[in-house]
Amino acid sequence: MCQAQEQYGGCGWPQGRPRVGCAQKCMKCKEASPVLVIRVGDAFCKACFREYFVHKFRAMLGKNRAIYPGEKVLLALSGGPASSSMLRQVQEGLSRETAKKLRFIPGIIYIDEGAVCGQSLAERAETLLQMETILQASGFPYHLAHLEEVFDLPSSILQHVPHNPAGPKNSYKEAVEGFIRQQRQEEGGGPSLPERHIQEKLAEFCMQDVARTEGLATVQTEQLIQLFGSVKTLTAKEELLQTLRNHLILHTARAQGYSKVMMGDSCTRLAVKLLTNLSLGRGASLAMDTGFSDDRHGDVVVVRPMREYAAKEIAFYNHLFGVPTVFTPALDTKALEKASIHRVIERFLYGLQAEFPSTVSTVYRTGEKLSATPGDAGLAPGATEPERCLLCSCALDTNVEDGSALQAILVSEQLSQQRLPAASPAGRGCCQGAEEQRGCCTNTTAPGADARADFLPLLCYGCRLTIKDMTCLESLPLYIRSEAERRKRRALMKLEIQEFLLEDEAVNPGES
Amino acid sequence: MPATCSACCASPAALRRPKTGHALCRACFLAAFEEETHRAIVAGRLFRPGETVAIGASGGKDSTVLAHLLQLLDQRHGYGLRLLLLSVDEGIAGYRDASLAAVRRHHRRSGLPLHVVSYRQLYGWSMDRIARHLGPRNNCTFCGVFRRQALDRGALLMGADKIATGHNADDVAETVLMNFLRGDVGRLRRGAGVGPAGGEGAVPRCKPLRHAYEKEIVLYAYFQGLDYFSTECVYAPQAYRGYARALLKDLEAVRPSAVADLGHSGERLLLRSDLRMPSRGTCQRCGYVASQTLCKACVLLEGLDRGLPKLGIGKHRRLRDKLRDGQPLTQEELRHLGAPAEGEPPEEQEPQGELGTDKEPWGRRELRGPRDLNF
């Protein structure tokens, strides 16, 4: 994909790719000369590209009808190209003439993860400064959060809040019409309600957030570093980081009354995520992880409006229209090729895409064919909510079915370890070469093993793998541990009264 | 520092299991592997007493270990099965003749009856001849489609109730990845079933080694002293599956449980119920299972026989319809379908290999092509 304006003597196209000559016209308006080529041969001029880009965003929101007028939506900004582009689209969308205006109330959240990624306080402060410039320029209320704040989260974060939206009794169309009518009534004096609302909040929040950044607790920073230090593999670190980040965003959304969160995942990023999650054993929750809307938390719904944009389109848009981005190093910046599953998949997919240009879109389309609910028919009447994973809040997929891969793994683990721990006298045999044998005896002296054995049943398959890579569960934030305790107690309770319970609670997917 | 076996805690460990990372001694590993296969067979309800099972034997490690294991477990646990070896000769010189020799050795040692079916007999085309017409890529499509029918026919002729193949956990994982990369939702859904042996073809199939890691199969064969043939098929390097395989190797290096994790993901995939799925019917020409009017093998053969080998590869619906209606095709269209360019030398006669004259209970003349076998 080269810009047709530059002089390319020998483009060096791989064989079979159509060459786009500079003499061609924009494929849309057929008048202006093109400035870029997207996909495999579509040349666009600047104006048409902008229209195409903006239209896609609005079509995505309109088609899914997920965002109701007047709703508060939290934009998750990471400083990267996709989320910055998303912010620009929201700005543009809100500033148009009334008829075509986007009709929600945005806020922005930015999370500073510098402690985990090995940045010094000075570097973090500088990044924050750059981000604040962008945030203030947007004109929306914003929240600056530090990842250290996960240690202050309440355990209610991990609980699913069933949400009965009052809205959809009327249809989406009626909601929009009602909103327009209301707006017209307020027209005439001063800015409309949402704008006034925004201006007030802006004044409020800016003060709040300044106070927060100054009170950066070093104790919590150390705790965070210790937590990530206890995770052995980069794969597990990345997964843990994502989980904590999601919890923090969720908490901010709940606390400030946002009912939707917008994430800036692009098509390319989602294709990588699909294959990565497959490899991590998260096949059951693929649809929720990569679909347009993700309602696993109940009251707060995560939407992904950038999911049809290829990474290159976003990059070109940002370059042509001056969208500011801030580069922050991530966990896997400068990591080796095979350091984590995420890296391996990313490299593989990009490499394959170079040879088979339809790879990313094919993977993405396959992902679209996945369904979020088992059987797509919802739960059987009378059954309550399925059990959810402690960390990722997805329905548990660990019921052992006959002949399944999970069963085979459990059998293998069982057969590879000693079955009768009482038979071997302490200090002989099994504990020689202890560093080479993981989980050798069931009655191992390490205290962590018991805690882990209690903890794992509360998790889905994918999260289990992440926790298995941790050496010490004590460094997990309090809210996770206390919620785990609560669930364990509740499970024990249920066991005691199992024979007296009448209704079939907690139907797991896969069981009839 | 020598580690001790973590299962018996007595002998020094001889190996480290790829699947779980535990260090085991030889005896414990063999016992664990056999027990795991036995439990997978029982839990998956793969066989019923009194059934005749044809083991797809290629002479490679998976099918050798499978044949050995099934015979062993059948005796040890009394499954009550009648076991047969069924081999397919695709006609790949230097590869298949050597592996078939390994199958014959196994047959002599084990005493299991052996039957060989060959592409040349069934279809009139060997893989070498197909590759000469088709080029280096897309050969796996022909081989795979033909092999499925060949196994089914062989099994029916031998009176088998089931076919057991040696697909291992790595194969399953690669398939999940590949189907995602290619957008093959139909296969993703079919592959997800954990239940009792399903059947896409005429004879139900099962994969008893589905959860065994490829490396563990090799370890088992090594420690058990089994003899097999291991060279990669000459046409494999260009196959698309090679990408999935390379990816799987990298994933396994990062996290050894990735193979099993992919298997688990594949089982738990939920697909939308409103997707249009192919329905199961029969081929109009040969009666085999097909989702279209003609089964894939018939389409491929049609292309080969007409000198248009790419007829079955890629989406040429319009051209196929034209052919079916007897309309002439332009030069461009003929080139799309793989017709040889003008001036190419005529094809040489197929050399008669000794394999073709092997013991054939059904006689040489009876099977000329798919048209002749009534399903």
Side-chain angles (χ1 to χ4, degrees), chain A residues 233 235 274-275 277-284 286-287 338-341 344-345 348 352 359 362-363 365-366 369-377 397 401-409 411-413 415-419 424 429-430 432-433 436-441 461-462 465 509-510, chain B residues 1-4 6-10 17 19-24 28 31-32 35-36 39-40 43-46 169 172 176-177 179-185 188 194-196 210-211 243 246-247 250-251 253-255 257-258 260-275:
Chain A
T233 60
T235 308
L274 272 167
L275 289 183
N277 281 8
L278 263 186
S279 313
L280 293 169
R282 293 186 189 273
L286 270 184
K338 297 195 189 167
S340 72
I341 302 247
V344 169
I345 299 273
F348 170 77
L352 203 59
T359 305
T362 305
V363 175
R365 296 266 162 242
T366 313
K369 299 188 177 152
L370 300 169
S371 111
T373 46
D376 229 352
D397 60 345
E401 292 180 353
D402 277 339
S404 65
L406 183 57
Q407 190 186 47
I409 296 169
V411 167
S412 296
E413 296 259 339
L415 289 175
S416 305
Q417 297 178 82
Q418 199 178 33
R419 264 162 284 198
S424 81
C430 31
Q432 285 174 4
E436 293 197 323
Q437 296 163 33
R438 284 183 276 140
C440 155
C441 307
Y461 189 95
L465 293 176
Chain B
M1 171 166 166
T4 316
S6 59
C8 63
C9 281
R17 278 198 85 159
K19 190 167 185 177
T20 59
H22 292 107
L24 295 175
C28 288
E35 180 66 18
E36 281 162 26
R39 291 213 200 165
R45 286 179 282 278
L46 299 184
V172 172
V176 172
L177 286 171
N179 286 337
F180 236 94
L181 288 169
R182 290 215 139 162
D184 198 334
V185 196
L188 278 174
V194 172
R210 187 177 45 209
H211 302 302
Y243 294 110
L247 175 60
D250 286 342
L251 288 175
V254 174
R255 187 182 259 190
S257 65
D261 300 338
L262 274 166
H264 176 81
S265 289
E267 283 169 11
R268 304 284 174 156
L269 277 178
L270 297 167
L271 294 163
R272 291 210 320 249
S273 47
D274 60 343
L275 295 172

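Chain A is the first sequence line, chain B the second, and so forth, proteins listed ahead of strands; every chain is numbered from 1.
Contact between B:K19 and A:A408 at its shortest, heavy atoms only, is NZ-O, 3.9 Å. Shown here for A:D397 and B:R268, the closest heavy-atom pair between the two residues is O-CZ, 3.2 Å. Annotation for A:S279 and B:D261: closest pair O-CB, 3.5 Å, computed over non-hydrogen atoms.
When the candidates A:L352, A:I409, A:L274 are compared by the number of heavy-atom contacts under 4.5 Å with chain B, A:L352 comes out ahead. The most heavy-atom pairs under 4.5 Å with chain A, out of B:C28, B:A40, B:G183, B:G263, come from B:G183. For the options B:V176, B:L262, B:D184, heavy-atom pairs under 4.5 Å to chain A are most numerous at B:L262. Annotation: maximal heavy-atom pairing with chain B below 4.5 Å, among A:K369, A:K338, A:E413, occurs at A:K369. No other option in A:G462, A:A339, A:S416, A:G281 has as many heavy-atom pairs under 4.5 Å with chain B as A:S416.
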Decide side chain to side chain contact (heavy atoms under 4.5 Å, CB included) for B:L181 and A:V363; before the verdict, give the C-alpha distance in whole Å, the side-chain angles of both, and the deciding distance to 0.1 Å. CA-CA 5 Å; B:L181 288 169; A:V363 175; 3.9 Å; yes

Under the side chain to side chain contact (heavy atoms under 4.5 Å, CB included) rule, what do B:T20 and A:Q417 come out as? Steps first, then yes or no, please. CA-CA 10 Å; B:T20 59; A:Q417 297 178 82; over 6 Å; no

Please report the C-alpha distance between B:R255 and A:L465 in whole Å, then the side-chain angles of each, then the deciding distance to 0.1 Å, and finally whether the side chain to side chain contact (heavy atoms under 4.5 Å, CB included) criterion is met. CA-CA 10 Å; B:R255 187 182 259 190; A:L465 293 176; 3.5 Å; yes

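How far CG of A:L286 is from CZ of B:F180: 5.5 Å, rounded to the nearest 0.5 Å. Atom CD of residue A:Q407 and atom CD of residue B:E36 lie 11.5 Å apart, to the nearest 0.5 angstrom. The line from OG of B:S265 to CG of A:N277 is 8.0 Å long, rounded to the nearest 0.5 Å.
When heavy atoms are compared at a cutoff of 4.5 Å, A:L280 approaches chain B by way of both its backbone and its side chain. With a threshold of 4.5 angstrom between heavy atoms, B:L24 approaches chain A through side-chain atoms but not through N, CA, C or O. For A:R282, the part lying under 4.5 angstrom from a heavy atom of chain B is the backbone only.
With contacts defined as side-chain heavy-atom distances shorter than 4.5 Å, the pair A:L278/B:L269 qualifies. Counting heavy atoms from C-beta on, the side chains of A:I345 and B:L247 come closer than 4.5 Å. A:F348 is not listed as a side-chain neighbour of B:D250, based on a closest heavy-atom distance of 4.5 Å or more. A 4.5 Å side-chain heavy-atom check between B:R39 and A:L415 finds at least one atom pair inside the cut-off.
At least one donor-acceptor pair closer than 3.5 Å links the side chain of B:H211 to the backbone N or O of A:G403. Using a distance-only test at 3.5 Å, with no hydrogens or angles considered, a donor-acceptor pair links the side chain of B:E267 to the main chain of A:A405.
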